[in-house]
Student: 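Here it is, the structure, as structure tokens.
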Amino acid sequence: MVRCFLIHTVCPVSALSAGDSRVLYSRVFGPDEGAVSGQQQQQLSPEERRLLQEEKLSVVARQVRSAVSLSREASGHLLVEAVPGEEALALQEADSGVVRLRAGDPFSEEMSALWLGIQSLGFVLVCEPHENLLLAEGTLRNLTRHCLEHLHLLGQGSEVLLKSNRIDVLLSRLLPHGQLLFLNHRFAQSLEKEVTAYMAK
């Protein structure tokens, strides 16, 4: 099962310190568990649980941001700004990788964070350790492609926050309840038409 999906910044943003990352969108699937025991969890108020959840997602975003920076430094490629209309090329040239999240840092059990770094944005799927990572990577690329093409996230001043309801719909179709889907060709095509029709509204 996928534990969460994130979109966050991977390049320095003026309002943030150098090593920080801003989570622009997040969706958590499955039980609301934290780095605290069940008894402690029950004693937390809803606001404290929300803050704990936000902190865990920020930890993931910072680790992925570090991985993206290291990958870009190691490859030596210059970051070329893509413009709207070049989404397919940007996705093809995206930096990608997997980060192992150790148990307790930040989730109670070990997780894998698959990521794609496209210009200043990071797209991340956090998966449970037994999950099929090839299937997860295909799903992440598909989700990212739809986000880039239909929500125009490469445009100047694009606001992910204003488009969160459309991302929610994408996730409900392509990653229902955090479950990765094995898609045959016919089902993939019908899903593609459905998503494209909705996004065109």
Student: So if you build clusters from Ile, Leu, Val, Met, Phe, Trp, Tyr with side-chain heavy-atom gaps below 4.5 Å, do Val59 and Val98 land together?
Tutor: no
Student: Roughly how far apart are Arg3 CZ and Glu128 CD, rounded to 0.5 Å?
Tutor: 4.5 Å
Student: Only one of Gln53, Glu48, Glu54 passes side-chain hydrogen bond (donor to acceptor under 3.5 Å, both in side chains) with Arg50; say which it is.
Tutor: Glu54
Student: For residues Arg72 and Ile118, report the shortest heavy-atom separation together with the two atoms involved.
Tutor: NH2-N, 3.8 Å
Student: What residues form a side chain to side chain contact (heavy atoms under 4.5 Å, CB included) with Glu149, not counting sequence neighbours?
Tutor: Glu87, Arg145
Student: Would you say that Phe123 contacts Leu140 through its side chain, given a criterion of any heavy-atom pair below 4.5 Å between the two side chains?
Tutor: yes
Student: Holding to side chain to side chain donor-acceptor pair (under 3.5 Å), I want the full list of residues that pass it with Glu194, two or more places apart in sequence or in another chain.
Tutor: Arg173
Student: Are Ser96 and Arg141 close enough that some pair of their side-chain heavy atoms sits under 4.5 Å apart?
Tutor: yes
Student: Mind running side-chain contact (heavy atoms from CB on, under 4.5 Å) on His8 and Arg22 for me, showing each step along the way?
Tutor: CA-CA 5 Å; His8 61 87; Arg22 174 176 287 158; over 6 Å; no
Student: Is it the case that the side chain of Ser21 and the backbone of Thr9 share a donor-acceptor pair, with hydrogens and angles ignored and the cut-off at 3.5 Å?
Tutor: yes
Student: Counting C-beta onward and ignoring hydrogens, is there a side-chain heavy-atom pair between Val126 and Phe5 closer than 4.5 Å?
Tutor: no
Student: Between Leu51 and Tyr25, is there shared hydrophobic-cluster membership here, with clusters defined by ILVMFWY side-chain heavy atoms closer than 4.5 Å?
Tutor: no
Student: Please say whether more than 12 non-hydrogen atoms of neighbouring residues, nucleotides or ligands are located less than 6.0 Å from NE2 in His130.
Tutor: yes
Student: Where is the tightest heavy-atom contact between Cys127 and Ala136, given as atom of each residue plus distance?
Tutor: SG-CB, 3.8 Å
Student: Rounded to the nearest 0.5 Å, how far does CZ of Arg166 lie from NE2 of His146?
Tutor: 13.5 Å
Student: By side chain to side chain donor-acceptor pair (under 3.5 Å), which residues pair with Ser112, not counting sequence neighbours?
Tutor: Arg100
Student: Does Thr196 reach the main-chain N or O of Lys193 with its side chain, forming a donor-acceptor pair under 3.5 Å?
Tutor: no
Student: Mind checking the OG1-CD spacing from Thr144 to Glu137? Nearest 0.5 Å is all I need.
Tutor: 10.5 Å
Student: For the residue pair Leu191 and Gln189, establish whether any side-chain heavy-atom pair is separated by less than 4.5 Å.
Tutor: no
Student: Under the ring pair (Phe, Tyr, Trp, His ring centres under 6.0 Å) rule, what pairs show up with a residue in residues 49-72, not counting sequence neighbours?
Tutor: none
Student: Which heavy atom of Glu192 sits nearest to which heavy atom of Asn142, and what is that distance?
Tutor: OE1-OD1, 4.2 Å
Student: Would you please name every residue forming a side chain to side chain contact (heavy atoms under 4.5 Å, CB included) with Leu70, sequence neighbours left out?
Tutor: none
Student: If you compare all heavy atoms of Leu101 against all heavy atoms of Gln63, which two are closest, and at what distance to 0.1 Å?
Tutor: CD2-OE1, 3.3 Å
Student: At their closest point, which heavy atom of Leu57 faces which heavy atom of Val23, and how far apart are they?
Tutor: O-CG2, 4.1 Å
Student: How long is the span from the CG atom in Leu121 to the CG atom in Leu6, to the nearest 0.5 Å?
Tutor: 12.0 Å
Student: Under a 4.5 Å cut-off applied to non-hydrogen side-chain atoms, are Phe182 and Asn132 in contact?
Tutor: yes
Student: Does the side chain of Val124 come within less than 4.5 Å of Leu114's, by heavy atoms?
Tutor: no
Student: For the atom pair CG (Leu24) and CD1 (Ile7), what is the distance rounded to the nearest 0.5 Å?
Tutor: 7.5 Å
Student: Are the side chains of Lys56 and Phe107 in contact, using a 4.5 Å heavy-atom criterion?
Tutor: yes
Student: So do Leu89 and Glu93 actually touch side chain to side chain, heavy atoms under 4.5 Å?
Tutor: yes
Student: Using side-chain contact (heavy atoms from CB on, under 4.5 Å), reason through Trp115 and Val68 one step at a time and then give a plain yes or no.
Tutor: CA-CA 8 Å; Trp115 56 267; Val68 173; 3.5 Å; yes
Student: Enumerate the residue pairs fulfilling salt bridge (Lys or Arg N to Asp or Glu O under 4.0 Å) with a member in residues 177-191, sequence neighbours excluded, ordered by first and then second residue.
Tutor: none
Student: Might you point out which heavy atoms bring Cys147 and Ile167 nearest each other, and give the distance in Å?
Tutor: SG-CG1, 4.5 Å
Student: Output the distance between atom CG (Leu170) and atom CG (Leu175), rounded to the nearest 0.5 Å.
Tutor: 10.5 Å
